[in-house]
Number of protein chains: 2
Amino acid sequence: MNTVNTKPYHHGNLREEMVRIGVELAAEGGPEAVGLRETARRAGVSPSAAYRHFPGQDSLLEAVRHTAADALGQSMQHAVSEVAADAPATEQVIAAGRGYFEFALNRQMLFRCLASGFELPEEDSRDSPFARLLELVGGLKREASAVVDDHAARFDAAVALWSAVHGISVLCTSGALRDVPQPRKRELLEVTLATAVRGLRF
Amino acid sequence: MNTVNTKPYHHGNLREEMVRIGVELAAEGGPEAVGLRETARRAGVSPSAAYRHFPGQDSLLEAVRHTAADALGQSMQHAVSEVAADAPATEQVIAAGRGYFEFALNRQMLFRCLASGFELPEEDSRDSPFARLLELVGGLKREASAVVDDHAARFDAAVALWSAVHGISVLCTSGALRDVPQPRKRELLEVTLATAVRGLRF
DNA sequence: CAACTATGTGAACGGTGTCCACATCGTGGT
DNA sequence: ACCACGATGTGGACACCGTTCACATAGTTG
């Protein structure tokens, strides 16, 4: 116990260290860059050591994805928190979309880890990005001539919004629009967001 | 020249064969399942033989993606051709979206090859799916109170639609909605499509 | 028929994920 | 205080992968 407090066994919490390095690798070279051997190498540890903390490579990648998903949520939350709390719900929903998109633009490789992700099942319900979006969409009903209130309709509306934002994010990072200049990308996001939000009204 | 006509050299057009097998592999196990050695093995050929036709593995995958993109285009075109040619443009646009989505659902792994695709640059302009979509969106302006006519606005509208359809497709195949039952997925598609199309009107 | 080029082969290199027998180290039971 | 035990890390092996190179073969062209 020489450095901070909990460096329990040999190396001190290897697992966290490997996830941290995994995120680093993913941020540099995308999902296929996060390999067990390379991660272990950068952690100054034998390749086999990884198997004390992860059943296999997929498990490491999954942990990296989880971290990335958290960062995405923070980006959304930050963007939402920057509009006035009593601003029209429309503004808040659009802000959430901007936060999503900005994360995709600024951390492209990390976002690709999420986009190519098989497993992101639980989402810890509480401050899951989707849960927050559901809440914001619920706020939309209080607005002028907006969506209905029952849970199903609210879910459907959230999916429609999520699809639009995720779609433009993917197209602008790994898709057909990835070579478009950034300012134009932001324009396209605004158009897509406006279209989706407008489409929710009758 | 014993079988059909053009089996020029040793094996007879290996390249096409490898692409065919590559598509097969991709359809079974996604993009990471299409490997040079496995493809060569199934073609009954040495691994090195592949390098006479492809500079590397990425090139093979790119060829597979090109084939998949063609199939996607056909799916869209087929869906569009099933609505009356003089049907409202809205119906045609929605049909195109359904064709896109159905391809994603029915050929999930193949679609993932496209979604995770880096390079799809040219698209042969003529019957590129996006070009066709642009055309259909152009038709929207003739409808009731629809979008404006200038090229930029038409492009923006097409991007907004594309984003929504691509987004729901990704979410339903490799994303958070992949475990939703199929009929519900189609419902969600309809909601998303309706929202996007409705959003294009003022 | 000879030379040439296109195509396919076999063996090798470095890299990977995964597993196994063994080493080491903190800790809890007596 | 000791000692056995479980948690953690090591080194070496295995099979596989993508890639390259020197070599073999087979159509084509003069």
Side-chain angles (χ1 to χ4, degrees), chain A residues 1-26 28-65 109 113 116-119, chain B residues 1-26 28-65 109 113 116-119:
Chain A
M1 50 151 90
N2 48 11
T3 59
V4 240
N5 53 2
T6 47
K7 281 211 167 186
Y9 289 91
H10 295 132
H11 165 278
N13 49 11
L14 218 195
R15 197 193 144 96
E16 290 183 23
E17 179 88 353
M18 289 196 66
V19 173
R20 193 184 57 76
I21 295 175
V23 170
E24 225 174 83
L25 288 171
E28 291 168 11
E32 42 256 2
V34 38
L36 272 188
R37 286 187 114 104
E38 179 64 18
T39 306
R41 193 173 301 126
R42 294 209 189 185
V45 111
S46 179
S48 352
Y51 288 84
R52 300 295 170 183
H53 303 274
F54 305 94
Q57 185 182 23
D58 294 359
S59 174
L60 171 59
L61 226 186
E62 197 182 339
V64 169
R65 283 207 189 93
M109 292 306 196
C113 289
S116 80
F118 261 16
E119 314 289 341
Chain B
M1 53 150 90
N2 48 9
T3 58
V4 237
N5 53 0
T6 48
K7 281 212 169 186
Y9 288 93
H10 295 131
H11 165 279
N13 50 8
L14 218 195
R15 196 193 145 93
E16 289 183 25
E17 179 88 352
M18 289 196 67
V19 173
R20 194 184 57 76
I21 295 174
V23 171
E24 225 173 83
L25 288 171
E28 291 168 9
E32 42 257 3
V34 39
L36 272 188
R37 285 188 116 106
E38 180 64 19
T39 307
R41 193 173 302 126
R42 294 207 190 186
V45 110
S46 179
S48 354
Y51 289 84
R52 299 296 171 183
H53 302 276
F54 304 94
Q57 180 181 296
D58 294 358
S59 175
L60 170 60
L61 226 186
E62 197 182 340
V64 169
R65 283 209 189 92
M109 293 306 196
C113 289
S116 80
F118 262 14
E119 314 289 340

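To find a chain, count down the sequence lines: A is the first, B the second, and so on, and within it residues start at 1.
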Looking at [atom1] of [X] and [atom2] of [Y], how far apart are the two atoms once the value is rounded to the nearest 0.5 Å?
X: A:R15; Y: A:S59; atom1: CZ; atom2: OG; result: 6.0 Å
X: A:H53; Y: A:N13; atom1: NE2; atom2: CG; result: 9.0 Å
X: B:L60; Y: B:L36; atom1: CG; atom2: CG; result: 6.0 Å
X: A:E32; Y: A:S116; atom1: CD; atom2: OG; result: 7.5 Å

Whole Å only: how far is the [atom1] atom of [X] from the [atom2] atom of [N]?
X: B:L36; N: D:dT19; atom1: CG; atom2: C1'; answer: 9 Å
X: B:M18; N: D:dG18; atom1: CE; atom2: C1'; answer: 12 Å
X: B:L61; N: D:dG18; atom1: CG; atom2: C1'; answer: 13 Å
X: B:E38; N: D:dC17; atom1: CD; atom2: C1'; answer: 11 Å
X: B:E16; N: C:dT7; atom1: CD; atom2: P; answer: 13 Å

A:E24: which residues meet the side chain to side chain donor-acceptor pair (under 3.5 Å) condition with it, sequence neighbours left out? A:R20
Does A:E28 reach the main-chain N or O of A:M109 with its side chain, forming a donor-acceptor pair under 3.5 Å? no
Residue pair B:R41, B:E38: steps toward the salt bridge (Lys or Arg N to Asp or Glu O under 4.0 Å) verdict: CA-CA 5 Å; B:R41 193 173 302 126; B:E38 180 64 19; 2.4 Å; yes
Just so I know, are the side chains of A:L14 and A:R52 near enough to count as touching, which here means a heavy-atom distance under 4.5 Å? no
Under 4.0 Å, heavy atom to any atom of DNA chain C: which of residues 53-60 of chain B qualify? B:H53
Under 3.5 Å, N/O pairs linking protein and nucleotides 9-15 of chain C:
unit_1	atom_1	unit_2	atom_2	d
C:dT9	OP2	B:S46	N	2.6
C:dG10	N7	B:S48	OG	3.4
C:dG10	O6	B:S48	OG	2.4

